[in-house]
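Notes follow the structure.
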Protein chains: 2
Amino acid sequence: MTTIRDIAEKSGYSISTISRALNHSGYVSATAQAKIEAIVKELNYVPNAIAQDLSTGSTHNIGVVLPDVNHPFYTQLIKGMLDAAFDSEYHVTFLPSAYDQELERHYLEQLRRKVYDGLIFTSRALALSELATYLQFGPVVVCEDPGSIKIPAVFSYRESAYQAAFAYLKKKGARHIAFTFSRPEPISATSKAVMRAYLKYYCVPADQRNIVAYVNTYQEGYDAAQQFVKDNVMIDYLFANSDDVATGARQYYLDHGLPVPGLVGQEYQVSSMLLNIPTIDHHLDVVGREAFRMVTAQHLATTRLAVQSDFILRQ
Amino acid sequence: MTTIRDIAEKSGYSISTISRALNHSGYVSATAQAKIEAIVKELNYVPNAIAQDLSTGSTHNIGVVLPDVNHPFYTQLIKGMLDAAFDSEYHVTFLPSAYDQELERHYLEQLRRKVYDGLIFTSRALALSELATYLQFGPVVVCEDPGSIKIPAVFSYRESAYQAAFAYLKKKGARHIAFTFSRPEPISATSKAVMRAYLKYYCVPADQRNIVAYVNTYQEGYDAAQQFVKDNVMIDYLFANSDDVATGARQYYLDHGLPVPGLVGQEYQVSSMLLNIPTIDHHLDVVGREAFRMVTAQHLATTRLAVQSDFILRQ
DNA sequence: TTAGCAAATGAAACGGGTTCCATGGCAATA
DNA sequence: TATTGCCATGGAACCCGTTTCATTTGCTAA
């Protein structure tokens, strides 16, 4: 490999001058600049990025911790981040965590170790307060409402969209609503928000049998419906955590000759267009883009940004 | 930041011994090991990864060049790669290219610059021969059949599945088939393979008006159908490049009260389950996984691996 | 002519590890 | 007792840039 010292030797200039010429930092004569550039071209020299990183102390690499790539939630976030990275000078590295605490700690340590210039947590198993202790080593941004914890955050504000959805259901005369969630209520802020909105319009908490958690895919939606039927849960509406889940459930009812409940989906997926069901767009691409911008911003104040979700009633 | 020299100073041992102790490279007494470990813990020391990278010359980072994150093709590939990366010591960085040649060259240069230990090209705008010239700087794996070009490759072998599909269509009595593609025929090997299989069963090349390219999403499928109708193209079957595209097209016909043609999708998406249409599974997660394994393999022979696609006839 | 100053250049330190090689101590073998 | 050889250890080179600071060169103004 050609190094900057090779260029120095061949050109007769010192490595300092070469470095200055390459980085256009000034204090290089036109003669020197031309000569150096010619030799760089001749030897087909490119600076070693690792050496530059060591010298400058930054890698231009942002780590994005995500539990699961399959879920539409993360697919959309990823898209937003990649878009933002595209016209920045940073790269994005995806770090699958599967909600493993040890693994998440490992990634945090990587921040200390300077593997990444910053970290984005799209979801997490660790406590927010633990994440916050790593802020001294570099920017850490989370994609959820951090409440009272002081940590930069970008997240979708779901309350009003959820309320709009339940107002709609109430108006439609829905009485027995079932729910599917990605993660059960105690852990997940999202499911809490849903139940809060539900409570506001229906005044009594939902029966636990009307709730199935760990549902993410079409197939799991299908299975959830099966469970409702098996448990003899009578419902006239299903409030699903994604459009694909909603359509999976629908299929179960169809396959078994049962009446299909009304459906409300989320995430604005193709399947909701197909079935023409209402859905909720959480604009996760925007959340991803802004989280990326925040983590790469020069001055990371303890900012937080809420992106408003939209309830989309088709036709 | 605590450095290895701090540990050396505090422990009374030399940095060589510290390094050996940390890496368990032997030649360290039990006494020294214990003392060093204690001090490492006390000072909460973690080695700087960039310095290690510079010293060892590798970053444990694999770059994955992809034109588009949205397309199911890449979504599935990504999933496979992340799965493989998960239990390896490597990270994955996604490099969006939008089929920009300059950008792709830039990424290749990053390989020379040691930003990545290896590159995977899921698709590309550059000539394979140009990619191959970078093999001297590190492993480069492509996700397509490279033909006579000597470059490591992992790709789906589609011929037999396509043939099965057209055999099925022929048997069903399909006469006028339309096609959608992600990229038009001259560029894309995939579309060439489709047309080859079609020709085998239908003996005459398809009418150009029956082909629409640059179709990837539900909406673009909808638009493609519109174009067929506008061009007065009569079809009894649509051979789409993804299930979502097929369902988008279907919707157009429905929306306009037109008879819906028979559909064949690809990529085994949720929408094909929903509509119960035949599809083709290209097992792109496997392709992604194997590509990742290949690029991180110790000895990168000029290997190639073909993963067989499956025609899936539902029910 | 010379002081004064800016521009151009280079030596060396620095970032923080890994690793080669030399050295010293000590036990087993001849 | 002298030799051999292994183990533990440290010094220093190495990876390859950036940056600080000192020095030299060249020009302008007095």
Side-chain angles (χ1 to χ4, degrees), chain A residues 1-37 39-40 43-61 89 109-117 137-138, chain B residues 1-37 39-40 43-61 89 109-117 137-138:
Chain A
M1 285 290 78
T2 341
T3 74
I4 201 171
R5 282 158 232 270
D6 297 331
I7 309 290
E9 202 168 327
K10 182 139 189 177
S11 68
Y13 288 99
S14 71
I15 52 169
S16 340
T17 303
I18 311 296
S19 177
R20 276 192 299 265
L22 290 171
N23 295 307
H24 301 280
S25 354
Y27 299 106
V28 174
S29 67
T31 327
Q33 185 78 35
K35 189 163 179 187
I36 289 166
E37 279 175 10
I39 290 174
V40 162
L43 298 186
N44 198 10
Y45 165 79
V46 280
N48 179 308
I50 311 179
Q52 287 182 319
D53 289 348
L54 179 60
S55 217
T56 59
S58 96
T59 58
H60 298 281
N61 206 340
E89 56 194 3
E109 284 297 305
Q110 304 279 308
L111 184 64
R112 283 186 68 198
R113 298 193 55 201
K114 304 278 180 191
V115 176
Y116 307 112
D117 280 5
F137 304 114
Chain B
M1 283 290 78
T2 340
T3 73
I4 201 170
R5 284 159 231 269
D6 297 330
I7 309 291
E9 201 168 327
K10 183 138 189 180
S11 69
Y13 289 98
S14 71
I15 52 169
S16 340
T17 303
I18 311 295
S19 176
R20 276 192 299 264
L22 290 171
N23 296 306
H24 300 282
S25 356
Y27 301 105
V28 174
S29 67
T31 327
Q33 184 77 36
K35 190 164 178 186
I36 289 166
E37 278 175 11
I39 292 175
V40 162
L43 298 186
N44 198 10
Y45 165 80
V46 281
N48 180 308
I50 311 180
Q52 287 182 319
D53 289 348
L54 179 60
S55 217
T56 59
S58 96
T59 58
H60 298 282
N61 206 340
E89 56 195 3
E109 284 298 304
Q110 303 279 311
L111 184 64
R112 283 187 67 196
R113 297 193 55 199
K114 303 278 180 194
V115 177
Y116 307 111
D117 281 4
F137 303 114

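The chains referred to below are lettered A, B, ... by the order of the sequence lines, with proteins before strands, and numbering in each begins at 1.
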### Query
The side chain of B:Ser16 lies closest to which of these nucleotides: D:dT20, D:dT18, D:dA12?
D:dA12
### Message
Is the positively charged end of B:Arg112 above the ring of B:Phe137, judged by distance under 6.0 angstrom from the centroid and angle within 45° of the axis?
### Response
yes
#### Entry: Separation of D:dC15 P from B:Lys114 NZ (nearest whole Å)
12 Å
### Message
Is A:Asn48 close enough to D:dC15 that one of its side-chain N or O atoms is under 4.0 Å from OP1 or OP2 there?
### Response
no
### Task
Check the pair B:Thr3 / B:Asn48 against side-chain contact (heavy atoms from CB on, under 4.5 Å), numbers first and verdict last.
CA-CA 8 Å; B:Thr3 73; B:Asn48 180 308; over 6 Å; no
#### Entry: A:Gln52 CD to D:dT19 C1', straight-line distance once rounded to whole Å
13 Å
#### Entry: No-H, no-angle donor-acceptor pair, A:Thr17 side chain to C:dA8 base, under 3.5 Å
no
### Query
In terms of side-chain heavy atoms of B:Leu54, which of C:dG17, C:dG10, C:dG15 is nearest?
C:dG15
### Message
Using a heavy-atom cut-off of 4.0 Å across all strands, would you classify B:Thr3 as base, sugar-phosphate, or nothing?
### Response
sugar-phosphate
### Summary
Separation of C:dG16 atom C1' from B:Asn23 atom CG, nearest Å, is 13 Å
### Query
Base, sugar-phosphate alone, or nothing: which one does B:Ile50 contact when heavy atoms must sit under 4.0 Å apart?
nothing
### Query
With a 4.0 Å cut-off on heavy atoms, is A:Ser29 in touch with a base, just the backbone sugar-phosphate, or nothing at all?
sugar-phosphate
### Query
Roughly, in whole Å, what's the span from CD1 in A:Ile18 to C1' in D:dT18?
14 Å
#### Entry: Nucleotide D:dG17, atom P - distance to NE2 of A:His60 in whole Å
15 Å
### Task
Between C:dT18, D:dA8, D:dG17, spot the one nearest the side chain of A:Ile4, thanks.
D:dG17
### Query
Can a donor-acceptor pair under 3.5 Å be found between the side-chain atoms of A:Arg20 and the base atoms of C:dG10?
yes
### Message
Using OP1 and OP2 only, check whether a side-chain N or O of B:Ser19 sits under 4.0 Å from C:dT18.
### Response
yes
## Note on the structure
Closest to the side chain of B:Ile15, out of C:dA8, C:dG10, D:dA12, is D:dA12
#### Entry: side-chain contact (heavy atoms from CB on, under 4.5 Å) between B:Ile7 and B:Leu43, worked out
CA-CA 8 Å; B:Ile7 309 291; B:Leu43 298 186; 3.9 Å; yes
### Query
Checking all strands, does B:Ala49 fall into the base, sugar-phosphate, or nothing category for heavy-atom contacts under 4.0 angstrom?
nothing
### Task
Kindly determine whether A:Tyr45 and A:Ile4 satisfy side-chain contact (heavy atoms from CB on, under 4.5 Å), including the steps that lead there.
CA-CA 8 Å; A:Tyr45 165 79; A:Ile4 201 171; 3.8 Å; yes
## Note on the structure
In terms of heavy-atom contacts, B:Gly57 and B:Lys114 come closest through O-CD, 4.0 Å
### Message
Nearest heavy atom decides the nucleotide; on that basis, is A:Ala32 or B:Thr2 closer to the 5' end of DNA chain C?
### Response
A:Ala32
#### Entry: Nucleotide nearest B:Arg5 when distance is taken to its side chain, options C:dG16, D:dC16, C:dA12
C:dG16
### Query
What is the distance, rounded to the nearest whole Å, between atom CG of A:Leu43 and atom P of D:dC16?
15 Å
### Task
Please lay out, stage by stage, how B:Asn61 and B:Asp53 fare under the test side-chain contact (heavy atoms from CB on, under 4.5 Å).
CA-CA 10 Å; B:Asn61 206 340; B:Asp53 289 348; over 6 Å; no
### Query
Taking for each residue the nucleotide of DNA chain D bearing the nearest heavy atom, is the 5' side occupied by B:Ser55 or by B:Val28?
B:Val28
### Query
Please give, in whole Å, the distance from C:dC14 P to B:Asp6 CG?
14 Å
### Message
Need one value for A:Asp53: base, sugar-phosphate or nothing, where a base atom within 4.0 Å counts as base even if backbone is also close, heavy atoms only.
### Response
nothing
### Query
Which whole-number value in Å describes the distance from B:Tyr27 OH to C:dC20 P?
12 Å
